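Please read all numbers here as calculations on a predicted model, not as lab measurements. Each chain gets a letter, A, B and so on, in the order the sequences are listed, and its residues count up from 1.
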2 protein chains.
Amino acid sequence: MTPPQFNSWQSIQDEVLRRIHAREWPPGTVIPNEADLAQDFGCARATVNRALRALADAGILERRRKAGTRVALHPVSRATVDIPLIRQEITARGLVYAYRHLSRRIASPPRDVAATLCAGTPCEGLHVTALHLASDAPFVFEDRWISLTTAPAAAAQGFETLSANEWLISTIPYTHGDIRFSAEVAPESIAELLGTSPGAPIFVVERTTWDHTRAITTVRLNYAPGYSITTGIGTPS
Amino acid sequence: MTPPQFNSWQSIQDEVLRRIHAREWPPGTVIPNEADLAQDFGCARATVNRALRALADAGILERRRKAGTRVALHPVSRATVDIPLIRQEITARGLVYAYRHLSRRIASPPRDVAATLCAGTPCEGLHVTALHLASDAPFVFEDRWISLTTAPAAAAQGFETLSANEWLISTIPYTHGDIRFSAEVAPESIAELLGTSPGAPIFVVERTTWDHTRAITTVRLNYAPGYSITTGIGTPS
DNA sequence: GAGTGGTCTAGACCACGGT
DNA sequence: CCGTGGTCTAGACCACTCG
């Protein structure tokens, strides 16, 4: 009469999830501590720790020293979105990728860009615009500023055949960044570039990347109508 | 003259990142195996494993048994997006949350919804629409179908004062789901509900949640113009 | 087949933070 | 203060997969 064996951290994770779903541990419950669970499950505490930590990472449990582990009251679902290179995004769909350089100039960025790129102080930036095409159809219009303070080597680049992003990630690695998704309506200039009519819905991704405390680049990606981002939520198995 | 101590998995992670950024291990490089690194760093292999596994989760390293660990060629950045309750989304901005029930009826879902909700077979669903307001301003229009096969208890709910989502998550927990972000222009019906003009840009979130293999609900959230999702990318420190 | 990462164990110490 | 999670260790076995 051996009860089901809990020998792997995944099986423990499943069992904990089962107890939560079965309302044995309703939201808000403080569950037993790791040592007790380890004894219940007949395994080492480290194994329990691994399982509970994974569930905490997923937002299902909340853990605090001394206070213990409780089932999250508000199951905030957490979705992990992969942001691939645009080239990969297109070829992964079985389409042919093409890059079309549009403009390049060195200038002082507008106030809003300067605020993040130069931390308010006046600075010079490299402004690059380009179009990425999927099997000859406009896919996304890229409008980018690169900090010449952080990435002076960019000044020597024309970006005529290689996209700025691909050059940057292999030359000026970033430590972190932030990203914003929004919806906008295509102004005439962008609609024309994307081959749609003004007023078409545009999915916009704005991204800024940093090397420690210094901003490297900020880019605005205007996706042609029909674009969407899909991903999964739930227990990262 | 002790060299920098690598005693915590975080310090090892930092050191590995430093070597990657410093081009000591350029993209594509196969780095030494865990046992060797453990000796280099003067720590246990488990500690190295923890550090490298975290970097692999972040998409910076790729690991395969026998093949070893290599620096990712394409630094796919991975963003983690929290999907809170709409109530929380609004109150977190310091606004007053209000829920306005619009309609509720039992019917056969349209073909596209039935495809996911009932796996193609004919079925009955509960169709609920509602408006979430932030300090009296329309914030998001919710258009939801609930499977009465998976969640029969929903038939007894009016959803007049409690949002369907809040009832569902505390009654029919889900195991996983999928989510889609896109941009659309407001059709007249939705523009009116959101208090904007037709043609306004609408950020759309479509989400379907499942209990193992059975779909629970599929919802389409139409956010009022100006909405955006922000998050960070980089090494989860 | 053999090398590599994946995981488990039993024990230990530490840091945080409620009481 | 002292319970709880966070982490490290040294060793072991296993599973996958490349050559």
* Whole Å only: how far is the CZ atom of A:Arg50 from the P atom of D:dG5? -> 18 Å
* Atom CG of B:Asn49 and atom C1' of C:dC8: how far apart are they, to the nearest Å? -> 12 Å
* Out of D:dC8, C:dG6, D:dG5, which has the shortest distance to the side chain of B:Ser8? -> D:dC8
* Provide, to the nearest angstrom, the distance between the CZ atom belonging to A:Arg70 and the C1' atom belonging to D:dG3. => 16 Å
* Asked: Is any side-chain heavy atom of B:Glu206 less than 4.5 Å from a side-chain heavy atom of B:Val219?
  -> no
* **Side-chain donor-acceptor contact under 3.5 Å, B:Arg70 with B:Thr29** => no
* Has A:Thr69 got a side-chain N or O lying under 4.0 Å from the OP1 or OP2 atom of D:dT4? -> no
* Measure the distance from CG on A:Asn33 to C1' on C:dG18 and round it to the nearest whole Å. => 15 Å
* **Closest approach of B:Asn7 to B:Thr47 (non-hydrogen atoms, all atoms of both residues)** => O-CG2, 4.3 Å
* Structure fact -> To the nearest angstrom, the CG-P distance between A:Leu52 and C:dC8 comes to 13 Å
* Asked: Would A:Arg220 and A:Glu142 count as a salt bridge (charged side-chain N to carboxylate O under 4.0 Å, His left out) if you check the C-alpha gap in whole Å, the side-chain angles of each, and the deciding distance to 0.1 Å?
  -> CA-CA 6 Å; A:Arg220 180 189 161 94; A:Glu142 167 179 343; over 6 Å; no
* To do: Take the protein atom CG of B:Asp36 and the nucleotide atom P of C:dG3, then report the distance between them rounded to whole Å.
  => 12 Å
* How are the rings of A:Tyr223 and A:Tyr227 set to each other: parallel, tilted or perpendicular (split at 30° and 60°)? -> parallel
* To do: Can you tell me the distance, in whole Å, between the CD1 atom of B:Ile12 and the P atom of D:dT7?
  => 13 Å
* Structure fact -> Nucleotide by nucleotide, nucleotides 9-19 of chain D touches protein heavy atoms under 4.0 Å in the pattern (B base, S sugar-phosphate only, - none) B--B--BBBB-
* **From B:Phe203 atom CZ to A:Ser182 atom OG, the distance as rounded to the nearest 0.5 Å** => 7.5 Å
* Value in whole Å for how far the C1' atom of C:dT4 lies from CD of B:Glu62 -> 16 Å
